[in-house]
Amino acid sequence: MKVVVIGTGHVGLVTCATLASLGHEVVGVDSDESKISSLQNGLAPFFEPGLEDLVNEQMKAGRLSFTKEAAQAVPGAEVAFICVGTPARADGEANLIAVEQAARDIARHATGSLVIVEKSTVPAGTANRVRRAILHERSDLASSIHVASNPEFLREGKAVDDSLRPDRILVGAESDFAREKMRQLYEPLVDQDFPFIETDIQTAELAKHACNAFLALKISYVNALARMCERSGADVKAVATVMGSDARIGPQFLQAGLGYGGYCFPKDILAFERLATRLGYSFPLLQEVARINGEAVDATLDKIRDALWNLEDKTVALLGLAFKPDTDDVRLSPALALARRLLDEGAHVVGFDPEAQANAKSEIPELEVAPDAYECAQGAHCLVVCTDWDEFRDLDLNRIRESMNYPVVVDGRNLFDPESMRANGFTYYPTGRPAAV
Ligand code: UGA
């Protein structure tokens with residue numbers, strides 16, 4: 001099938017590469033010229049395991065190309081994906097201007113029957129607006145252009161695998177034509193028995209927000225439990241194990257820590273809450289989820305203050321700057337929220353991240369970055385684990401302790417074992433577990 005993907009960010013580029021690998025002929029379009037020229041040279045504009053290789057492989061196979069011009073890519077396409085950003089406006093509403101522009105651009109250059117697919121996360125009801133935008137642009141193709149919603153469930157850091165081995169493919173379609181095209185598009189995955197769920201469009205749109213909000217709710221729930229465990233002497237990791245062993249609850253997304261960040265959960269929670277309000281339904285639980293998430297950084301800061309007393313003349317080392325492991329993405333990273341608070345209180349802050357150093361530095365120029373974890377810890381009064389990169393598990397803790405000014409570790413991701421930290425002579429503050437002070 002001839003497929004066009006508008007937007008080559010995390011969702012768009014992964015969509016391009018994985019659909020090409022399923023055998024489709026894909027063109028990725030982006031208005032950012034520098035992004036397009038680096039993609040044409042085989043360079044992914046961000047770090048995502050396996051993605052750059054897959055992009056190059058598909059380009060060499062002649063199934064994937066990139067252009068800045070929708071006018072070149074859209075004519076003749078059978079399916080056009082909208083994968084543009086939907087950032088939060090000041091009031092929390094999703095800003096859908098890029099979605100509207102993409103829909104109008106696609107319609108303007110359409111030459112015949114075409115399915116326009118929303119993949120960006122959008123509030124329920126957006127497809128109606130997309131349809132109206134298409135009609136304004138091309139009333140002559142009103143019955144040939146169809147709209148569908150096919151929300152993306154990929155996680156950064158695991159995006160390629162999530163797309164090629166999905167828990168489910170969700171398609172909301174307004175017509176049999178759109179439904180049939182989407183079935184054909186995903187046939188290679190459906191043939192491998194990955195679940196294919198068909199709904200109406202608003203249901204698909206709402207289900208995506210419902211999933212992200214529920215996952216964020218799970219994280220905030222376990223983080224609230226961490227606060228209770230810290231006050232009662234209980235161990236949140238053990239509580240989460242007990243909860244997770246109940247098949248009705250499940251073990252995933254019950255890791256207490258610095259909280260969620262990134263480009264999805266924080267904005268999606270706000271947008272979902274705004275949608276509820278607009279629909280006349282009050283859903284304060286969603287505001288609570290966001291509030292509890294903010295508390296996680298406060299609680300970590302309290303531990304640092306408890307260990308160091310005044311912060312003005314102290315150095316705090318941050319292990320991990322990305323919002324989660326296996327990505328260079330620092331958007332709304334809890335690590336950077338903590339760095340800003342520490343800098344405001346006068347501390348000297350040094351960070352290390354295997355992939356996100358440059359992005360972190362451009363967000364916070366006052367942040368010093370170290371070339372590796374050992375240099376990051378060197379001379380620090382406190383080391384804070386902010387992102388649970390696997391490679392941090394194997395650090396030589398003796399070497400770290402000996403190089404630090406004070407042997408204090410605040411573990412914002414419960415990466416280390418409290419007993420071995422105690423045995424190693426650290427003053428150790430985990431999250432939601434008894435401290436070794
Ligand atoms: C999330 C969803 O997991 C995807 O299904 C969805 O497609 C995506 O948003 C999106 O809407 O595009 P992502 O933001 O890449 O994916 O990352 P997650 O793995 O969900 O992690 C989000 C945050 O929660 C991270 O900061 C992570 O450290 C934190 N987290 C996760 C916890 O604090 N505890 C946990 O137990 C799990």
Side-chain angles (χ1 to χ4, degrees), residues 1-7 11-29 58 63-64 73-84 86 99 102-103 105-107 109-131 133-134 138 141-154 159-160 162-211:
M1 249 184 214
K2 275 197 77 178
V3 178
V4 172
V5 177
I6 309 289
V11 170
L13 188 56
V14 176
T15 302
C16 285
T18 52
L19 287 178
S21 78
L22 296 182
H24 301 299
E25 197 185 307
V26 184
V27 184
V29 180
Q58 296 308 316
R63 284 190 290 263
L64 177 59
V74 175
E78 294 159 81
V79 179
F81 280 93
I82 299 178
C83 296
V84 294
T86 53
V99 172
D105 244 14
I106 297 166
H109 301 296
T111 47
S113 290
L114 170 70
V115 184
I116 298 186
V117 188
E118 300 169 345
K119 212 177 220 335
S120 306
T121 302
V122 292
T126 302
N128 290 335
R129 308 296 315 200
V130 166
R131 162 140 295 291
I134 294 166
R138 290 298 294 275
L141 287 181
S143 56
S144 312
I145 301 184
H146 302 250
V147 180
S149 162
N150 171 217
E152 185 51 66
F153 294 106
L154 62 81
V160 173
D162 281 349
S163 300
L164 291 175
R165 272 173 280 280
D167 284 349
R168 75 300 213 188
I169 300 157
L170 173 59
V171 169
E174 64 172 5
S175 65
D176 290 342
F177 179 87
R179 226 182 317 277
E180 193 43 45
K181 277 280 173 204
M182 296 306 284
R183 262 189 227 138
Q184 281 173 27
L185 187 78
Y186 285 113
E187 201 167 65
L189 294 179
V190 177
D191 284 350
Q192 293 173 61
D193 285 339
F194 291 109
F196 188 82
I197 304 176
E198 292 179 350
T199 65
D200 57 72
I201 295 194
Q202 333 35 309
T203 302
E205 291 170 332
L206 198 135
K208 164 68 193 201
H209 264 142
C211 287

Can any side-chain N or O of [X] pair as donor or acceptor with the backbone N or O of [Y] at less than 3.5 Å?
{"X": "Glu118", "Y": "Ala148", "result": "no"}
{"X": "Arg138", "Y": "Ala110", "result": "yes"}
{"X": "Ser120", "Y": "Ile82", "result": "yes"}
{"X": "Thr86", "Y": "Thr121", "result": "yes"}
{"X": "His146", "Y": "Ser175", "result": "no"}

Can you name the nearest heavy-atom pair linking [X] to [Y], along with the distance?
{"X": "Cys83", "Y": "Val5", "answer": "SG-CG1, 3.8 Å"}
{"X": "Val11", "Y": "Thr15", "answer": "O-OG1, 2.7 Å"}
{"X": "Val122", "Y": "Thr126", "answer": "CB-OG1, 3.5 Å"}
{"X": "Ala77", "Y": "Ala73", "answer": "CB-O, 4.3 Å"}
{"X": "Gln58", "Y": "Ala17", "answer": "CG-O, 3.8 Å"}
{"X": "Val26", "Y": "Ala20", "answer": "CG2-N, 3.6 Å"}

Minimum side-chain heavy-atom gap [X]-[Y] below 4.5 Å:
{"X": "His24", "Y": "Leu185", "value": "yes"}
{"X": "Val171", "Y": "Phe196", "value": "yes"}
{"X": "Phe153", "Y": "Pro166", "value": "no"}
{"X": "Glu205", "Y": "His209", "value": "no"}
{"X": "Val79", "Y": "Val4", "value": "no"}
{"X": "Leu22", "Y": "Leu164", "value": "yes"}

Euclidean distance, [Y] [atom2] relative to [X] [atom1], rounded to 0.5 Å:
{"X": "Asp167", "Y": "Leu154", "atom1": "CG", "atom2": "CG", "value": "11.5 Å"}
{"X": "His109", "Y": "Leu114", "atom1": "NE2", "atom2": "CG", "value": "12.0 Å"}
{"X": "Glu187", "Y": "Met1", "atom1": "CD", "atom2": "CE", "value": "8.5 Å"}
{"X": "Ile116", "Y": "Ile134", "atom1": "CD1", "atom2": "CD1", "value": "3.5 Å"}
{"X": "Phe194", "Y": "Ile169", "atom1": "CZ", "atom2": "CD1", "value": "8.0 Å"}
{"X": "Asn150", "Y": "Tyr186", "atom1": "CG", "atom2": "OH", "value": "3.5 Å"}

Side chain to side chain contact (heavy atoms under 4.5 Å, CB included) involving Ile197 - partner list, sequence neighbours excluded: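 Applying side chain to side chain contact (heavy atoms under 4.5 Å, CB included) to Ile197 gives Arg168, Leu170, Thr199.
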Between the side chains of Glu174 and Arg131, is the shortest nitrogen-to-carboxylate-oxygen separation below 4.0 Å, so that they form an ion pair?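 Judged by the 4.0 Å cut-off on N to carboxylate O distance, Arg131 and Glu174 do form a salt bridge.
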Pair Lys119 + Glu152: basic N to acidic O under 4.0 Å: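 Counted as a salt bridge, because a side-chain N and a carboxylate O are separated by less than 4.0 Å.
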